[in-house]
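The next block holds one structure in the form of structure tokens; read it before the comments.
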Amino acid sequence: MQKTILSFKERPAWLALNNHVNTIRGQSLSKMFETDPDRAESFTIESGSLYFDFSKNLINQETLGFLVNLAEQSGLAEGINELFSGGLVNKTERRPALHVALRAPKSEQIFVDGTNVVPEVHQVLGQMTAFSNAIRSGDYKGHTGKAIRNIVNIGIGGSELGPVMVYEGLKHYSQNNLTIRFLSSIDGTAFVEATAELNPEETLFIVCSKTFTTLETMSNARAARDWLLSALKDRAAVVKHFVAVSTNTEAASDFGIDSSHVFRFWDWVGGRYSLCSAIGLSTMIAIGPENFNSMLEGFHAVDTHFRTAPLHRNIPVIMGLLTVWYSSFLGAQTSAILPYDSYLKRLPAYLQQLTMESNGKSTTVSGKTVDYKTGPIFWGEPGTDSQHSFFQLLHQGTQIVPCDFIGFAESLNPLGSHHDLLIANMIAQTKALAFGKSKESVLTEGTAPWLAPHLTFEGNRPSSVILMESLTPHALGSLVALYEHSVFTQGWIWEIDSFDQWGVELGKSLATKIIKEIESPETSSFFHDSSTRALVRRYKIAREKNLTDSKRIRS
Ligand code: G6Q
């Protein structure tokens, strides 16, 4: 018999948490650690090489119990099962979200409409492997017979943020006789910079677009084709210098891409969940198929953990529950991601899309407007740089900002005591945030009483630490999968569809109208508010003036 799922605020656990939140508001992390000497141990979960310490969060065992009840009462276990078995978890688009199939081993079976998709996934992985090896070895030649040395990934959003984050994250493993660049924005500057100083004869463009219709990607792909043809002067060159990654194989062929160079993926892979698909082709070329596979294994290890670990010992479930706790009960509006590894500089940007495009929503799957807070703003920068900028607010500001600290036991680039200092800083920050520094101890140090309030840290600021052995492809895969499943957990509990993104449509469709007005010599006939009308007019006047001025300078 199917379990009846109560809506978020009707669940007994919601009520319990709503009462319990005041108890937690009246407690401090210092007290909680003092009264429970085993706190660190009981609020730490290890799985494989992952060490997840969530003891410095504003929770006690009772909170955790209520949060796990909340997950149970939302039917999360059934939700996870649906996710992994190809259920229609993307409810508004009526399709599965089967990114877990992209890293499933050959022996697994996952069905979509009666077809086991795992063999297809491995067939494309095989095609990517052969192609990557040919590029890496120099066997693959461009139109004039030269080996390819430059790769430009053209794609945006989910077709760029994952690949660029992983490329930067795993740069240590990259083949360094290849130049890899990413072109996303419809900004002439981005195009010029992405192609600057590249020899067209040695350049390959990977056009990554699930739909093969995205304005930015298609405009950049056409500009790239013009750039190539103006140098090589032979339309046949397109075949050797362009490959596509898309579900729209027909549009890719119409563009001039040879069907053997179209790497397909599927409707059931969401853009921001696609980095394990052929969208990761640039990554595979950079780091090699073996490392890419190891990354997939890292993802899969966490998939297995998410599917099998009990909810109260399940890292992504706990991460998701903490986000729900801070957003919906404690009123946190943002959450900071603080990787203590320079290679992970693009991780916060990647997680911004993953988390905010997935859970930045205010309508439930049944079409009701929520009356509780859902996805917070995610932001962040690598440590230790960020300590010298926005950490002031984290320590002494008026907002509660739960932080995720991410660090590695081993450096990929050991240098004197750099790494120990780096990690010492990371650990110190979590301690300072949690326990602060009382006014009494500031005064005891001899600080003048007038200055003491400024040097006081109230503490009680929550953070979690994800500590891993070293930044390997496997570790990065595991790390990303943790966040993917945390996002799923949150969305399921909040009853929102974490796999659609209707909120990005309105601006795109208005842009298609505004571009017509910008290009037309006529004054707009389209109805606008006074601000939009004035901006369009001002832009056109300024552009005309600039054009006239530059003509005058040239003549
Ligand atoms: C991600 C979104 C979005 C998408 C881009 C690119 O989940 O759907 O960021 O990835 O708009 O779309 P295409 O891959 O279709 O060009």
Side-chain angles (χ1 to χ4, degrees), residues 83 89-100 102 124 152-167 182-187 190-191 194 205-224 242-252 254-255 257 262-283 346 348-361 375 378 480-481 483-488 490-491 496-512:
L83 175 76
V89 288
N90 181 349
K91 298 233 168 13
T92 69
E93 294 178 324
R94 307 228 32 85
R95 55 186 180 215
L98 260 181
H99 38 287
V100 293
L102 301 171
V124 176
V152 181
N153 187 91
I154 305 180
I156 195 164
S159 298
E160 190 251 359
L161 284 159
V164 76
M165 180 276 289
V166 175
Y167 169 68
F182 296 84
L183 171 59
S184 55
S185 170
I186 180 107
D187 174 350
F191 183 89
F205 293 95
I206 305 180
V207 186
C208 282
S209 177
K210 183 172 172 180
T211 54
F212 225 76
T213 56
T214 304
L215 171 85
E216 291 89 342
T217 304
M218 295 325 297
S219 305
N220 278 327
R222 284 189 290 269
F242 278 84
V243 302
V245 179
S246 187
T247 56
N248 188 351
T249 45
E250 213 179 316
D254 290 349
F255 182 89
I257 296 173
V262 179
F263 297 81
R264 58 190 284 252
F265 66 115
W266 306 267
D267 242 15
W268 40 261
V269 181
R272 57 193 173 277
Y273 295 88
S274 65
L275 75 84
C276 295
S277 71
I279 289 289
L281 182 62
S282 55
T283 311
R346 293 304 302 266
Y350 168 78
L351 290 181
Q352 278 183 328
Q353 183 191 29
L354 180 68
T355 57
M356 289 157 72
E357 204 173 38
S358 297
N359 289 340
K361 290 164 193 167
F378 276 78
V480 174
Y483 282 96
E484 285 181 346
H485 297 321
S486 162
V487 162
F488 178 80
Q490 296 156 36
I496 53 183
D497 185 339
S498 300
F499 301 107
D500 63 14
Q501 55 281 317
W502 299 106
V504 302
E505 295 304 325
L506 179 60
K508 284 202 259 181
S509 71
L510 286 175
T512 59

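Both ligands and their constituent atoms are indexed starting at 1 by order of listing. Given the structure is predicted, the values throughout are model-derived calculations rather than measurements.
In this structure, a donor-acceptor pair under 3.5 Å is absent between the side chains of Asn248 and Thr211.
Heavy-atom minimum distance, Val487 versus Ser358: CG1-CB, 3.4 Å.
Remark: side-chain polar atoms of Lys91 are not paired, donor with acceptor, to backbone N or O of Asp497 under 3.5 angstrom.
If you take CD1 on Ile186 and CE on Met218, they are separated by 11.0 Å, rounding to the nearest 0.5 Å.
Remark: Arg346 CZ is loosely packed, at most 12 non-hydrogen atoms of other residues, nucleotides or ligands lying under 6.0 Å away.
By the 30° and 60° cut-offs, the orientation of the rings of Phe242 relative to Phe205 is parallel.
Sorted by chain and number, the residues within 4.0 Å of ligand 1 by heavy atom are Ile156, Gly157, Gly158, Ser159, Ser209, Lys210, Thr211, Thr214, Gly271, Arg272, Gln353, Glu357, Gln501.
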